[in-house]
Structure formats: C-alpha cells, structure tokens
Amino acid sequence: MAHNKMKTFRICCALFLFVTAGFQACAQYLERSLSTSFGVGLSAMGHIYSGDFIIEDPVQITSDNSMAYVFATDYQFRERFSIGLAGGYQEANQTYSNYQFALNDTTDTSVTFSYYMSRFNTGIRFLFVEQYGKFTFKYGMKFGVSVWKVDLKETIPYPYPGRLKRTGTRFAMQLFTLSISYKLAKIGGVFAEGAIGAPANLSCGFYLNLWQRPAKPITFKHVDEFD
C-alpha cells in the first residue's frame with residue numbers, strides 16, 4: 001500500500017513538472033512589476049455565519065454577514081516569481097433565540113442575545129508567475145495572521161457558545177492560492193482567485209498596474225559562416 005502511494009505521488013509530481021515546463025515554453029514574462037488588486041469573495045466564515053438555522057431545539061440563530069473584502073499588492077521581482085502583502089476583512093451579526101443553559105447547575109434558563117464578530121486577515125504571499133498574452137496565472141502560498149473580534153450587544157451572565165471565544169490574533173495560512181487575471185488595458189484588468197484558507201476561498205475583482213518593466217527579448221546576432 002505504501003509503495004503504491006509513493007508511486008502515485010511520483011507520477012503526480014512528474015505530471016506537474018511536465019505541465020509547468022510546457023507552460024513555460026510558450027510563456028511571456030515581465031522582468032519587474034508592481035500591482036495592486038481589490039475584490040470581494042466567499043469564505044468558510046461567511047458560510048458558517050450566514051443563514052438562519054437551528055442548531056439544537058429550540059435554539060435558533062438569525063445571521064447577517066458581509067462578503068469577504070480582499071486586497072493584495074504584489075511585487076514581481078523576477079520573471080517568474082513575486083512576493084506580496086495580501087489579506088481581507090469580513091464581519092457578521094448573529095442573534096441567538098431561545099438559548100438555554102443551566103443557571104447554578106439547577107435551573108434551566110432560556111434567553112435571547114446578539115453579538116457582532118469581525119475578522120481581519122493579512123500576510124505575506126509567495127507566488128510563481130506564468131504569462132500568456134493578456135492572461136497571467138499566479139500560484140503559491142500565503143503565511144499570515146487573522147485578528148478576530150467579538151462584541152456582545154448585551155451583558156450576559158451565563159455561559160457563552162464556543163464560537164464567541166474565538167477572539168484575538170491567530171496564525172492563518174493559505175495552503176494554496178491560484179489567481180488568474182486578464183489584462184483589459186495597460187493600466188490593469190480583472191482577476192479571479194481560488195484559495196484554501198483565509199480570507200476567501202473564491203474571489204474576484206480588478207487590479208491596477210502601478211509599475212512594470214518588460215523582460216528584454218532574446219536576440220540572435222547574424223554571423224556569416226564565410227567571415
């Protein structure tokens with residue numbers, strides 16, 4: 001079983017290197033560039049903290065959350081590599097109805113309360129860059145932190161749900177990021193991005209080229225074989 005897994009892993013790596021090499025054979029690159037992007041997206045946080053649902057009779061949760069607002073600034077310092085600062089922001093409002101708990105371990109009590117939660121995420125990302133005409137593909141990873149904040153709208157002297165304890169600064173990592181952008185004009189264009197990790201799993205928006213320098217084309221000097 002272990003041998004089969006190792007063989008499958010090697011085949012996947014070989015296919016990845018083959019496809020990447022094929023892409024690079026027909027790619028066009030910038031030598032240096034600086035760009036910034038803004039957009040909106042969907043995240044796991046938005047899925048968890050959205051919608052009206054019942055978690056345990058008769059407890060009911062009413063939710064209202066925002067989209068994930070994402071941003072990034074990337075500096076392409078080599079033809080195929082870039083480093084950047086990226087992140088996003090998202091917030092949610094929830095109301096618990098008929099939330100039950102045992103008061104003094106003897107009396108069952110039912111209450112209703114609301115709270116506001118927000119998450120700000122930021123980090124450094126490292127990307128490989130592939131360019132084909134007006135399309136640019138970027139893929140890599142991001143390492144950063146998420147800052148969680150919870151504000152209760154009422155003072156409640158009873159046990160909180162576990163999700164309200166998710167406060168403070170926590171390490172957050174995007175295991176994989178794939179961004180596809182299309183150049184509409186010299187100044188910029190649009191992008192779509194998928195990622196595993198905060199701040200968004202799917203996002204789209206626009207980007208602006210702040211500065212760029214194309215790579216120098218390769219030229220061949222003609223040499224007369226009879227000289």
Side-chain angles (χ1 to χ4, degrees), residues 9 12-24 26-50 65-91 118-148 166 169-184 188-212 215:
F9 175 76
C12 291
C13 290
L15 289 174
F16 174 79
L17 293 174
F18 175 78
V19 172
T20 301
F23 281 168
Q24 292 177 350
C26 60
Q28 302 171 354
Y29 298 98
L30 293 172
E31 184 179 6
R32 302 284 190 276
S33 70
L34 180 65
S35 63
T36 186
S37 61
F38 303 92
V40 295
L42 304 174
S43 71
M45 173 187 171
H47 176 71
I48 295 173
Y49 294 94
S50 66
N65 75 300
S66 69
M67 300 281 286
Y69 303 104
V70 297
F71 66 87
T73 298
D74 294 298
Y75 174 60
Q76 186 175 334
F77 60 94
R78 296 289 297 272
E79 291 184 4
R80 296 178 176 87
F81 302 98
S82 74
I83 184 173
L85 176 68
Y89 176 82
Q90 192 167 12
E91 60 184 24
S118 65
R119 180 187 66 187
F120 175 77
N121 173 270
T122 188
I124 303 296
R125 68 180 186 176
F126 304 89
L127 303 175
F128 295 96
V129 182
E130 306 281 355
Q131 294 173 307
Y132 310 93
K134 293 186 176 182
F135 285 95
T136 299
F137 296 80
K138 298 180 179 180
Y139 51 96
M141 303 175 70
K142 180 170 75 72
F143 304 88
V145 296
S146 287
V147 182
W148 294 81
R166 192 178 184 84
T169 303
R170 298 167 180 257
F171 175 75
M173 176 180 177
Q174 275 190 343
L175 298 177
F176 181 74
T177 302
L178 172 62
S179 176
I180 304 174
S181 60
Y182 180 78
K183 184 178 180 180
L184 296 176
V190 295
F191 78 90
E193 186 170 302
I196 302 175
N201 303 114
L202 292 173
S203 61
C204 61
F206 64 92
Y207 75 91
L208 298 174
N209 288 319
L210 304 179
W211 172 79
Q212 61 183 13

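The figures that follow rest on heavy atoms only: side chains count, while hydrogens, waters and symmetry mates do not.
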Contact between E193 and T177 at the side-chain level, heavy atoms closer than 4.5 Å - yes or no? yes

Separation of F71 CZ from T122 OG1 (nearest 0.5 Å): 4.5 Å

Are F38 and Y69 near enough that their ring centres are under 6.0 Å apart? no

Does R119 form a side-chain contact (heavy atoms from CB on, under 4.5 Å) with M45? I'd like the steps, not just the answer. CA-CA 9 Å; R119 180 187 66 187; M45 173 187 171; 3.8 Å; yes

My understanding is that only one of T73, I124, D74 makes a side-chain contact (heavy atoms from CB on, under 4.5 Å) with I83; could you say which? I124

If you count heavy atoms of other groups shown closer than 6.0 angstrom to CZ of F176, is the number above 12? yes

Give, for atom CD of Q76 and atom OG of S35, the distance between the pair rounded to the nearest 0.5 Å. 8.0 Å

Spell out, as yes or no, whether a donor-acceptor pair under 3.5 Å connects the side chain of R32 to the backbone of F77. yes

Using a 3.5 Å distance criterion without hydrogens, assess whether the side chain of T36 forms a donor-acceptor pair with backbone atoms of A72. yes

Do the side chain of S146 and the main chain of R170 share a donor and acceptor less than 3.5 angstrom apart? no

Establish, yes or no, whether a centroid distance under 6.0 Å links the rings of F120 and Y89. no

Side-chain contact, heavy-atom cut-off 4.5 Å: F128 with R80? no

Name every donor-acceptor pair, under 3.5 Å, that has one atom in a side chain of residues 194-207 and the other anywhere in the protein, sequence neighbours excluded.
from	atom 1	to	atom 2	distance (Å)
N201	OD1	A44	N	2.9
N201	ND2	A195	O	3.3

Side chains of F171 and F143: does their closest heavy-atom pair fall under 4.5 Å? yes

Heavy-atom pair of closest approach, residues F191 and S37: CE2-CB, 3.8 Å

Beyond-backbone contact of M67 with L42, side-chain heavy atoms, under 4.5 angstrom: yes

So which of K142, Q90, Q174 actually passes side-chain hydrogen bond (donor to acceptor under 3.5 Å, both in side chains) with N121? K142

Would you say F81 and Y75 make side-chain contact, with heavy atoms under 4.5 Å? no

